[in-house]
Colleague: 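Structure incoming, see below.
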Amino acid sequence: MKLHLVDGTYELFRAYYGAPKEQRNGREVGASRALYGMMKRLLREPDVTHVAIAFDHVIESFRNDLFAGYKTGEGIDPDLYSQFGLAEDVCRALGITVWAMVEFEADDALASAAQRFLSEPGMEQVVLCSPDKDLMQCVQGERIVVWDRLRKKVYDEAAVFAKFGIGPASIPDYLALVGDTADGIPGLPGWGAKSAAVVLAEYHQLENIPADASQWSVKPRGASLLAATLNERRADALLYRTLATLRRDVPLGEGLAALRPHAPEPALLARVRDTLQFDE
């Protein structure tokens, strides 16, 4: 048995920027119509027997209280923003369990579900359907993997190391150093992907990096400046790591049995079909 956990916010953004715009009854619904088709295709995959999808019902989360520069909904195209709730209903109308996040983020729900359901009897693999770098921290051997459906690439633990030069557990520390523009995490000046990977491959976590670069057993370019920056901005780096660390304690009410695709409410299905103007 495999459990597929889908990053709905990513899928909606991908649909909005990759599919034609379509107006129905004066409302933009192109992304939601495309999402409907994308999720139907996923459900047809032979190994997709249990599935859930998580959305950022609002963009802001508890992380905005920790850091003023964290991502917000500002700047999102209104035609996209207006489809957030509709996208959730589209997935419910397909019989998919939907987690709509407000305090937490969609990725937190996926991380929590992966950790929770991995130990279920008969669980062969949990598949996180998203290319998001954040989710790489959840990978465990070949039991929890990240699947980039667009690029048809699966990241197990070996693939994460091949891509980033570090293990999954070091991904939050890596993002703290190099930053993540998608989430509004600025990173530290001078630290890039190569230097962060070299140092974290050796020391794994920020706390383990010696303050004096002369004590480093690895020598990335500009080591003295990198060490000085980290020493000066260590509190910032620890905060950025907190922002990049996914929560595993999101309360999810459903048990595994509820994650089998199921028959939707007839009234919801009718409303969604009417909004999207599908005949099926």
Side-chain angles (χ1 to χ4, degrees), residues 3-16 35 38-39 42 51-67 69-73 76 80 84 87-88 91 96-118 125-140 143-151 153-157 159-160 163-164 166-176 178-185 187 239-254 259:
L3 170 61
H4 288 76
L5 301 171
V6 183
D7 181 349
T9 303
Y10 164 75
E11 296 290 353
L12 179 61
F13 271 72
R14 179 161 78 95
Y16 183 75
L35 180 66
M38 291 156 59
M39 291 301 101
L42 177 65
V51 60
I53 188 166
F55 286 92
D56 295 302
H57 189 71
V58 296
I59 297 298
E60 291 76 12
S61 70
F62 74 91
R63 292 178 176 86
N64 295 91
D65 296 328
L66 300 177
F67 180 56
Y70 198 70
K71 66 180 179 181
T72 68
I76 296 178
L80 169 57
F84 274 34
E88 294 170 11
C91 293
I96 301 173
T97 294
V98 172
W99 296 317
M101 294 294 103
V102 176
E103 178 185 357
F104 299 98
E105 296 182 43
D107 286 354
D108 295 315
L110 301 183
S112 297
Q115 192 68 37
R116 173 182 167 188
F117 293 116
L118 183 64
Q125 189 179 66
V126 177
V127 182
L128 299 167
C129 303
S130 172
D132 196 331
K133 294 189 295 292
D134 293 0
L135 288 167
M136 300 293 179
Q137 67 192 266
C138 301
V139 171
Q140 294 183 25
R143 300 276 327 278
I144 301 179
V145 299
V146 168
W147 180 24
D148 183 343
R149 295 171 60 225
L150 181 62
R151 297 171 181 84
K153 173 69 175 177
V154 175
Y155 291 91
D156 59 11
E157 198 156 340
V160 171
K163 181 175 177 64
F164 295 97
I166 54 174
S170 297
I171 290 292
D173 300 81
Y174 173 89
L175 294 175
V178 305
D180 187 349
T181 55
D183 286 341
I185 299 175
L239 171 61
Y240 300 156
R241 184 178 66 182
T242 297
L243 298 175
T245 300
L246 298 181
R247 296 280 293 268
R248 267 80 164 185
D249 59 347
V250 175
L252 304 170
E254 293 82 3
L259 304 189

Colleague: Can you give me the closest heavy-atom contact between Arg63 and Thr245, atom names plus distance?
Modeller: NH2-O, 3.0 Å
Colleague: For the pair Arg116 (side chain) and Leu252 (backbone), establish whether a donor and an acceptor sit closer than 3.5 Å, ignoring hydrogens and angles.
Modeller: yes
Colleague: Determine, step by step, whether Phe164 and Val178 satisfy the side chain to side chain contact (heavy atoms under 4.5 Å, CB included) criterion, reporting the C-alpha distance in whole Å, the side-chain angles of both residues, the deciding distance to 0.1 Å, and the verdict.
Modeller: CA-CA 12 Å; Phe164 295 97; Val178 305; over 6 Å; no
Colleague: Testing the basics here: between Phe84 and Ile59, what is the closest heavy-atom pair and its distance to 0.1 Å?
Modeller: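 Of all heavy-atom pairs spanning Phe84 and Ile59, the closest is CE2-CD1, 3.7 Å.
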Colleague: Within a strict 4.5 Å, meaning less than it, do heavy atoms of the Arg149 and Arg14 side chains meet?
Modeller: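 Touching, per the 4.5 Å side-chain cut-off.
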Colleague: Sub-3.5 Å donor-acceptor pair from the side chain of Asn64 to the main-chain atoms of Lys71, do we have one?
Modeller: yes
Colleague: Where the side chain of Gln137 meets the backbone of Ala244, is there a donor-acceptor pair that is under 3.5 Å apart?
Modeller: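 Yes: the side chain of Gln137 pairs with the backbone of Ala244.
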Colleague: Please walk me through it: do Tyr70 and Ile185 pass side chain to side chain contact (heavy atoms under 4.5 Å, CB included)?
Modeller: CA-CA 6 Å; Tyr70 198 70; Ile185 299 175; 4.2 Å; yes
Colleague: Roughly how far, to the nearest 0.5 Å, is CD1 of Ile53 from CG of Leu259?
Modeller: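 Going from the CG atom of Leu259 to the CD1 atom of Ile53 covers 12.5 Å.
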Colleague: Do Val160 and Glu157 have side chains that get closer than 4.5 Å, going by heavy atoms?
Modeller: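 No, side chains not in contact.
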Colleague: Only one of Asp148, Leu135, Leu5 forms a side chain to side chain contact (heavy atoms under 4.5 Å, CB included) with Ser130, so which one is it?
Modeller: Leu135
Colleague: With side chains defined as the heavy atoms from C-beta onward, is the minimum distance between Val250 and Trp99 less than 4.5 Å?
Modeller: no
Colleague: Can you list the steps and then say if Leu12 with Leu80 is a side chain to side chain contact (heavy atoms under 4.5 Å, CB included)?
Modeller: CA-CA 8 Å; Leu12 179 61; Leu80 169 57; 3.9 Å; yes
Colleague: Start with the C-alpha gap between Phe67 and Thr242, add the side-chain angles, then the distance that decides, and say whether side chain to side chain contact (heavy atoms under 4.5 Å, CB included) holds.
Modeller: CA-CA 10 Å; Phe67 180 56; Thr242 297; over 6 Å; no
Colleague: Ser112 side chain to Arg247 main-chain N or O, any donor-acceptor pair under 3.5 Å?
Modeller: yes
Colleague: Just how far is it from atom CG of Asp173 to atom CD1 of Ile166, taken to the nearest 0.5 Å?
Modeller: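 That separation rounds to 7.5 Å.
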Colleague: If you take all heavy atoms of Cys129 and His4, which pair is closest and at what distance?
Modeller: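 Taking Cys129 first and His4 second, the nearest heavy atoms are SG-CD2, 4.0 Å.
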Colleague: Restricting to non-hydrogen atoms, name the atom on Leu110 and the atom on Ala54 that form the minimum distance, rounded to 0.1 Å.
Modeller: CD2-CB, 3.7 Å
Colleague: What are the two closest heavy atoms between Gly187 and Tyr240, and how far apart are they?
Modeller: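 That would be O-CE1, 3.6 Å.
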Colleague: Hey, does Leu128 have a side-chain heavy atom less than 4.5 Å from the side chain of Cys138?
Modeller: yes
Colleague: Would you confirm whether Arg248, through its side chain, and Leu246, through its main-chain N or O, come within 3.5 Å as a donor-acceptor pair?
Modeller: yes
Colleague: Using a 4.5 Å cut-off on heavy atoms from C-beta on, say whether the side chain of Tyr16 contacts that of Ile76.
Modeller: no
Colleague: Any donor-acceptor pair under 3.5 Å linking the side chain of Glu60 with the backbone of Gly73?
Modeller: yes
Colleague: Identify the heavy atoms of Pro172 and Ala169 that sit nearest to each other, and give their distance.
Modeller: CD-O, 3.6 Å
Colleague: So, Asp132 side chain and Asp134 main chain: donor-acceptor pair closer than 3.5 Å or not?
Modeller: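 Answer holds: yes.
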Colleague: Would you indicate whether the side-chain heavy atoms of Met38 and Val6 approach each other to under 4.5 Å?
Modeller: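 When only atoms from C-beta onward are counted, Met38 and Val6 do not touch, as no gap falls below 4.5 Å.
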Colleague: Is a donor on one side and an acceptor on the other found under 3.5 Å between the side chain of Asp56 and the backbone of Ala106?
Modeller: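 Yes; at least one donor-acceptor contact below 3.5 Å.
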Colleague: Without swapping roles, check the side chain of Arg143 against the backbone of Leu118 for a donor-acceptor pair under 3.5 Å.
Modeller: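 Flag set: sc Arg143 to bb Leu118 pair under 3.5 Å.
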